[in-house]
Structures are given as C-alpha cells and as structure tokens.
Amino acid sequence: MLKVGLKQFNRTFEKITISEDDGDCGHISTNVDFISAIFAISFEVVLFSEGPDRYKFPWILSALDLHSFMVVKLIETIILHNTGLDKNTVEHLADIEEIMLETMVWAADSPLYEQLTECDPPRPPKV
C-alpha cells in the first residue's frame with residue numbers, strides 16, 4: 001500500500017507542478033505544508049480504495065500531524081488534476097472536504113486563526 005500511495009503522490013505532485021503557468025515551481029516544491037497536504041490526500045485516496053477500516057478519515061491527518069486547514073485548501077485542486085479518480089473516490093474527497101469545512105478547520109488549534117491575525121484586512125471607515 002505504501003508503494004501505491006507514493007506513486008499516487010508523485011503523479012499528483014507532478015501534475016500540479018507542471019500546470020504552473022510560469023514554469024517556476026520553486027515556491028511550491030519547497031513549501032512543506034503544500035507537499036504534506038498533497039501527500040495526505042494522495043494517501044487518503046489509496047486508503048479509501050484499498051485500506052482497512054481502521055485507517056478511515058481523519059486517521060491520515062493524525063498520522064501525519066496535519067491540521068485539516070492545511071489540507072482542505074488543496075482537495076479541489078487535486079480532484080481537478082487527477083482525472084483518473086473514480087466517481088466514488090471523488091465523492092469521498094468531496095465528503096471529507098465538507099466535514100473539514102463544517103467543523104475541523106474551526107477547531108481552537110486551527111492555523112486559520114493565526115493566518116487571520118497576520119493579515120491586515122481592510123477596516124471600514126470611521127464615521
């Protein structure tokens with residue numbers, strides 16, 4: 001199962017990096033969160049298709065110590081670049097994306113809050 005997961009990861013990573021318009025993938029290939037999220041989703045695809053029940057989602061997030069916020073951002077991209085995924089797998093990824101968006105990304109330990117505090121959103125004018 002490990003070989004299949006690695007093959008899925010390599011195929012997905014290659015498709016995403018090739019799709020970069022400017023050809024400069026340096027920022028992608030060095031982003032640990034990006035690579036880890038692709039790895040997690042690739043292995044989730046394999047675990048869903050071939051894995052035992054004890055490895056059901058969100059096991060992969062715990063095993064890789066990833067927060068759902070880092071993963072949910074890439075599910076749609078991965079679905080678009082993996083045209084060979086069967087309908088059940090695409091539905092599974094959509095289901096886990098929904099679970100993550102509805103509950104998991106809002107957990108108290110989510111990196112979402114840190115990113116929100118780091119950005120400088122426009123403020124309404126004082127009246």
Side-chain angles (χ1 to χ4, degrees):
M1 193 169 359
L2 181 60
K3 284 184 181 183
V4 176
L6 289 172
K7 192 174 183 178
Q8 177 70 29
F9 166 76
N10 289 330
R11 184 173 38 245
T12 302
F13 187 75
E14 180 180 33
K15 286 180 181 181
I16 291 172
T17 54
I18 287 174
S19 73
E20 281 292 297
D21 290 337
D22 60 6
D24 178 21
C25 299
H27 63 285
I28 290 177
S29 62
T30 59
N31 186 318
V32 174
D33 292 333
F34 178 80
I35 294 170
S36 298
I38 292 175
F39 188 82
I41 298 167
S42 298
F43 269 82
E44 179 61 29
V45 167
V46 172
L47 291 170
F48 173 72
S49 302
E50 302 177 13
D53 285 345
R54 70 177 183 259
Y55 297 128
K56 295 293 181 194
F57 182 81
W59 177 86
I60 193 70
L61 298 179
S62 298
L64 298 175
D65 194 28
L66 285 174
H67 198 282
S68 60
F69 179 69
M70 306 315 274
V71 176
V72 75
K73 299 184 284 184
L74 286 172
I75 289 181
E76 192 66 34
T77 301
I78 288 175
I79 289 172
L80 291 173
H81 286 90
N82 277 295
T83 54
L85 295 176
D86 64 44
K87 182 181 175 184
N88 288 337
T89 304
V90 171
E91 287 176 2
H92 173 69
L93 291 175
D95 289 344
I96 65 172
E97 179 182 36
E98 186 176 327
I99 291 167
M100 287 189 278
L101 286 172
E102 288 180 356
T103 58
M104 298 174 81
V105 298
W106 303 105
D109 64 339
S110 177
L112 168 69
Y113 301 114
E114 182 179 326
Q115 286 190 10
L116 287 174
T117 59
E118 289 174 0
C119 73
D120 189 20
R123 292 178 172 54
K126 292 184 179 181
V127 181

Legend entry - Closest non-hydrogen atom pair between Gly5 and Val46, with its separation: CA-CG2, 3.7 Å

Inset, instruction - Would you give the length of the straight line joining atom CD of Glu102 to atom CD of Glu97, rounded to the nearest 0.5 angstrom? - result: 10.5 Å

Legend entry - Heavy atoms from other residues, nucleotides or ligands near NZ of Lys56 exceed 12 (cutoff 6.0 Å): yes

Legend entry - Residue from Ile41, Leu85, Ile38 passing side-chain contact (heavy atoms from CB on, under 4.5 Å) with Gln8: Leu85

Legend entry - Euclidean distance, Ile75 CD1 relative to Glu44 CD, rounded to 0.5 Å: 8.5 Å

Inset, instruction - Could you check whether the rings of Phe9 and Phe13 sit parallel, tilted or perpendicular, using 30° and 60° as the cut-offs? - result: parallel

Inset, instruction - Can you establish whether the number of heavy atoms outside Asp65 located under 6.0 Å from its atom CG is more than 12? - result: no

Inset, instruction - Calculate, to the nearest 0.5 Å, the distance between atoms CG and CZ belonging to Asp95 and Phe57 respectively. - result: 10.5 Å

Inset, instruction - Decide whether Phe48 and Ile60 are clustered together by the hydrophobic rule: side chain heavy atoms of Ile, Leu, Val, Met, Phe, Trp, Tyr closer than 4.5 Å, transitively. - result: no

Inset, instruction - Find the distance between CZ (Phe39) and CG (Leu6) and round it off to the nearest 0.5 Å. - result: 5.5 Å

Legend entry - Minimum heavy-atom distance between Ile16 and Phe34, given as atom pair plus value: CG2-CZ, 3.7 Å

Legend entry - Between CD1 on residue Ile79 and NE2 on residue His92, distance to nearest 0.5 Å: 10.5 Å

Inset, instruction - To the nearest 0.5 Å, tell me how far Glu98 CD sits from Leu93 CG. - result: 13.0 Å

Inset, instruction - Kindly work out whether a path of hydrophobic side-chain contacts (I/L/V/M/F/W/Y, heavy atoms less than 4.5 Å apart) joins Leu80 to Ile96. - result: no

Inset, instruction - Locate the shortest heavy-atom distance separating Ser36 from Leu66; write the atom from each residue and the value. - result: O-CD1, 3.5 Å

Legend entry - Atom of His81, atom of Lys15 and distance for their closest heavy-atom approach: O-CD, 2.9 Å

Inset, instruction - Spell out, yes or no, whether Phe69 and Met104 are grouped together once hydrophobic residues are joined by side-chain heavy atoms under 4.5 Å, including indirect joins. - result: yes

